[in-house]
Amino acid sequence: MTTIAPGHTIGILGDGQLGRMMALAAAELGYKTHIYGQDPDAPAAQVSTYSTVAEYTDTEALKKFATDVDVVTLEFENIPSETLKVLEKIVPVRPGRKVLETSQDRFIEKSFLNSLGVPTAPFANVENLTDLGKAIERIGTPAVLKTRRFGYDGKGQFKITNGTQIDEAWEAVNGHPSILEGFVPFDLEISVIVARDIQGNIETYVPVENRHKNHILDITLAPADIMKVVSKHATELAAKIADNLDLVGLIAVEMFVTNEGDVLVNELAPRPHNSGHWTIEACVTSQFKQSIRAAAGLPLASPERHSNAVMRNLIGHDIDHWQEILNHPEMSLHLYGKAEAREGRKMGHVTRLFPLDTKPKA
Ligand code: AMP
């Protein structure tokens, strides 16, 4: 079935806050949702019609889930390929396995980008200490060693500032297959969220600026304060990537902008993204609703923004300020229903709108 009509059930792999906001958007369009995750009280499970609590390797649970839903989408990209192979025999999976396999592995991802002519930092595959030595010789320092798989929020990364840190760097990535990347002296970090429907139509959200604290996204400013030509170029790169992945769904493209206005792609995330939360209040269609429309085989809606915006994450004990935030009527507070405020844990976010002719202020 290509189009999944409202009233049917959308399966979502992953049970975090992204899944929660996807499930809420799906409900607005009249869908039921079924979360597949590992925690019965997870943010997404709390707001979904159905949930399955099982590992991604549990073939029987996967088959049952696939039979119970009408389409599968995801809020988390580190889903084993084998899981998708089980599901796709029974039910459409959007975005599909090719998109996931490309974005799960930094070496495959960057090789794919370069094959399209999309610029990235220079990089080299590192399987062992000898490779690392050669990679440092070729790329130079400073450089960043990153595990090929399962890295997020700066985890599994080590910045190498000189050639004597080889052993320390290799230990930091626990000897896992990695890539060495040249360090990009960027001016700012931006991201572009692009949606592609089953017919291949594309819609993109305006490029936004992302500022990090302790390797975790702190604030997003929409739009990014960049020249029009840079914004257009970044948007075109994102659309080209979505097209060449045959994407059906949403993908966030994280990029570096240098002070010469060059744009280098750093990372792809084939799902709604933290840097797109502002779209809930500021755009005709939020990234969450857009991702549900794409997964359900519906036409995309307008991503146009009617306001500028700043989104701030509430990390760990930032959430203790929830009452203070509620005393600011101009702020939209989103909480994810997580019981425990651990350090570095994304507990919620706050969005503030600005008129289109005003620069969003942090
Ligand atoms: P990543 O996990 O690849 O998104 O990296 C996390 C953060 O580390 C990025 O958002 C950047 O701030 C920084 N970073 C990663 N790779 C590089 C690089 N090649 N050059 C400079 N900064 C980087």
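For ligands, and for the atoms within them, numbers begin at 1 and follow the listed sequence.
No close placement of the His8 and Tyr31 rings is indicated, their centers lying 6.0 Å or farther apart. Aromatic rings from Phe288 and His277 are positioned such that their centres are separated by under 6.0 Å.
Residue Glu181 has at least one N or O atom closer than 3.5 Å to an N or O atom of ligand 1. At a 3.5 angstrom cut-off on N or O pairs, Val184 counts as close to ligand 1. Considering backbone and side-chain N/O atoms, Phe183 never comes within less than 3.5 Å of an N/O atom of ligand 1.
Heavy atoms of Asn210 found under 4.0 angstrom from ligand 1: none, in either backbone or side chain.
Within ligand 1, the atoms closer than 4.0 Å to a non-hydrogen atom of Glu254 are 4 (O), numbered from 1 in the order shown. For ligand 1, the atoms lying closer than 4.0 Å to a non-hydrogen atom of His212 are 10 (O). Residue Arg106 approaches ligand 1 through these ligand atoms, each under 4.0 Å from one of its heavy atoms: 1 (P), 2 (O), 3 (O). Residue contact check: Glu189 has heavy atoms under 4.0 Å from atoms 9 (C), 10 (O), 11 (C), 12 (O) of ligand 1.
In this structure, Pro185 has no heavy atom closer than 4.0 Å to ligand 1.
Contacts of Asp197 classified as salt bridge (charged side-chain N to carboxylate O under 4.0 Å, His left out), with partners at least two apart in sequence or in another chain: none.
Phe123 forms part of a hydrophobic cluster together with Phe107, Ile179, judged by ILVMFWY side-chain heavy-atom separations under 4.5 Å.
Figure legend: cation-pi geometry between Lys32 and Tyr50 absent, as NZ or CZ is not positioned both under 6.0 Å from the six-membered ring centre and within 45° of its axis.
The pair Arg211-Glu209 meets the salt-bridge criterion, since a charged nitrogen lies less than 4.0 angstrom from a carboxylate oxygen.
Annotation for Ala66 and Leu87: closest pair CB-CD2, 3.8 Å, computed over non-hydrogen atoms.
Considering Glu267, Arg211, Gln157 only, the shortest heavy-atom separation from atom 2 (O) of ligand 1 involves Gln157.
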